[in-house]
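Here is the naming used below: chain letters follow the sequence lines, and residue numbers restart at 1 for every chain. Source: prediction; values computed, not measured.
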Protein chains: 2
Amino acid sequence: MGTTQLESVPEPKYWHLKTVLSEALDSEFAVGEILPNERELAARFGVARATLRQALEQLELEGRLQRRRGVGTTVAPPRMGVDVGTGGQVWPGTADDGWQPVDCDLAQPPAAVAEALETGRDEPVHVVRRSRVTHGQTVAAELLYVPQSSVPELSAIDAPSGAARARAVLRELQRRELESQDRSVELGSARADDAKELDRLPGAPVLVVTTRFVAEGRTAALSVATYRADTCRLTFGATGDVEIHHGPERQAS
Amino acid sequence: MGTTQLESVPEPKYWHLKTVLSEALDSEFAVGEILPNERELAARFGVARATLRQALEQLELEGRLQRRRGVGTTVAPPRMGVDVGTGGQVWPGTADDGWQPVDCDLAQPPAAVAEALETGRDEPVHVVRRSRVTHGQTVAAELLYVPQSSVPELSAIDAPSGAARARAVLRELQRRELESQDRSVELGSARADDAKELDRLPGAPVLVVTTRFVAEGRTAALSVATYRADTCRLTFGATGDVEIHHGPERQAS
DNA sequence: TAGTGGTCTAGACCACGTT
DNA sequence: ACGTGGTCTAGACCACTAT
């Protein structure tokens, strides 16, 4: 037969689109460049806008694109390597690692956190909020849960709340001896408050890094940090400059 | 005024839906239970099917649901903790960690990999494929790139390819002294082949763990492992049984 | 063959940032 | 005010799994 094998394996349109766009990004666009808008791209490829969006969503998930409402779709720079677990075993706030205390108050933690901290169900704990800024961008938001028993000498008079109190809690925590820590990473979606801090929409994909700090045989603190999954590559160990990435990258003029 | 504050902050429908469903999952459904189908759920909530699907997608991303074409939507068990980086610094294949060699052949690596390996552009390297099985489920697929210079004594006669050769490459690799290794984690989407191995659709969200093995000052091997993001929580360090999770969970009868 | 989730369409309106 | 991406609808058909 003279027929070429058309769609004998019906690859989804959005998948094929994604491939085509991905190659175009490598060869025809520079980092920071603005793509044509969705309606035009859809028309150009002869698909419905929803289908085009499905392809764009995937590319954004992979960190190739950045979309902003009211602005447009731009070509994203390669993901930045963000070091997690500097030097292995240190209390939070010890190193100058880009974490900035935001505020702190006393609140009842979620049930799952209370369980990990081995505190009573209704016992309030210190909740320290911090945000991490790298290369001028907020890449992570953290909630650090510290049981009152972990910082017994904290004076309530110092500051009732706010960044000053956050620093005080961290300072008291660092006076204890850190036995060990363990960490886990999983995929999540940004809660409304985290999303705002990270300059993303609610539900945006994030990498949730949970760290448990152990001192004197007990969980002395629990950190839940949410990193922007689109722009961050979490690195562990010495050098964080390994670049495993797609093709050529140029800079927008 | 007698008006209640209706939608003064117009929260998206799918977002609200997600919240409602999430609570229902906690209180009214058991792990493994099958939800009503999408058309019925959409009708029940009075939304279009696409909107309902947007909520389900998010819940699946968070590991709360599992959807299978032709079958239905089921309540997912809590994510399993998968240890990454057992004992810190060991060659792949040393520990009994659930990794199984699949096959191996000589191929030209992607440009980015060749760069990290510091091999010549067109120089073929050993590509070992392995898959990791935990609790009876394939949770990860790996491509391990090993330059020929890292396993100089590998005899070509042993086996031309296949699992036997994969084991041979690993064995030779383990004879060298491992200096250090560094690792990074980022979000990706499954390529077609990985997706098949992981029993997911192409484009499914995965956690990509890249490990660089250093021996004699050079990158002796590079591992790119893709983990199912929906079912896995990657753990680092001693105990991997910290459970930071949502509400109550029951078991399906 | 029946029922499920996956893909796709062609519209509409809304929220947001810029001008 | 305008243009962007974000949300939503009401359909249609397809691919897969189980019976």
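Take A:T134 and apply the side chain to side chain contact (heavy atoms under 4.5 Å, CB included) test, not counting sequence neighbours, and it matches A:M80, A:R132, A:V139. Considering only residues two or more places apart in sequence or on other chains, B:R167 meets the salt bridge (charged side-chain N to carboxylate O under 4.0 Å, His left out) condition with none of them. For A:R49, the salt bridge (charged side-chain N to carboxylate O under 4.0 Å, His left out) test picks out A:E38, with sequence neighbours left out. Applying the salt bridge (charged side-chain N to carboxylate O under 4.0 Å, His left out) rule to A:E40 yields the partners A:R44; only residues at least two apart in sequence or on another chain are considered. With sequence neighbours left out, the side chain to side chain contact (heavy atoms under 4.5 Å, CB included) criterion links B:V71 to B:R68. Every salt bridge (charged side-chain N to carboxylate O under 4.0 Å, His left out) that B:E60 has, sequence neighbours left out, goes to B:R67, B:R200.
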Give the table of side-chain donor-acceptor pairs shorter than 3.5 Å for residues 99-109 of chain A, with sequence neighbours excluded, one pair per line with atom names and distance.
{"residue": "A:D103", "atom": "OD1", "partner": "A:R129", "partner atom": "NE", "Å": "2.9"}
{"residue": "A:D103", "atom": "OD1", "partner": "A:R129", "partner atom": "NH2", "Å": "3.4"}

(request) Let me have a per-nucleotide readout for nucleotides 9-19 of chain C, 5' to 3', with B, S or -, counting only protein heavy atoms under 4.0 Å. (result) B--BB-BBS--
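For A:E38, the side-chain atoms get nearest to D:dG6 when compared with the rest of D:dC8, D:dG6, C:dG6.
Contacts of B:L201 with the nucleic acid, taken as non-hydrogen atoms under 4.0 Å apart, involve only primed sugar atoms and P, OP1 or OP2.
The CH2 atom of B:W15 sits 11.0 Å away from the CD atom of B:Q54 when rounded to the nearest 0.5 Å.
The end-to-end axis angle of the helix from C:dT1-D:dA18 to C:dT18-D:dA1, rounded to 10 degrees and based on five pairs per end, is 10°.
Considering only side-chain N and O atoms, A:Y14 lies under 4.0 angstrom from the phosphate OP1 or OP2 of C:dT7. At D:dT4, one or more side-chain N or O atoms of A:N37 fall inside 4.0 Å of OP1 or OP2 (strictly under the cut-off).
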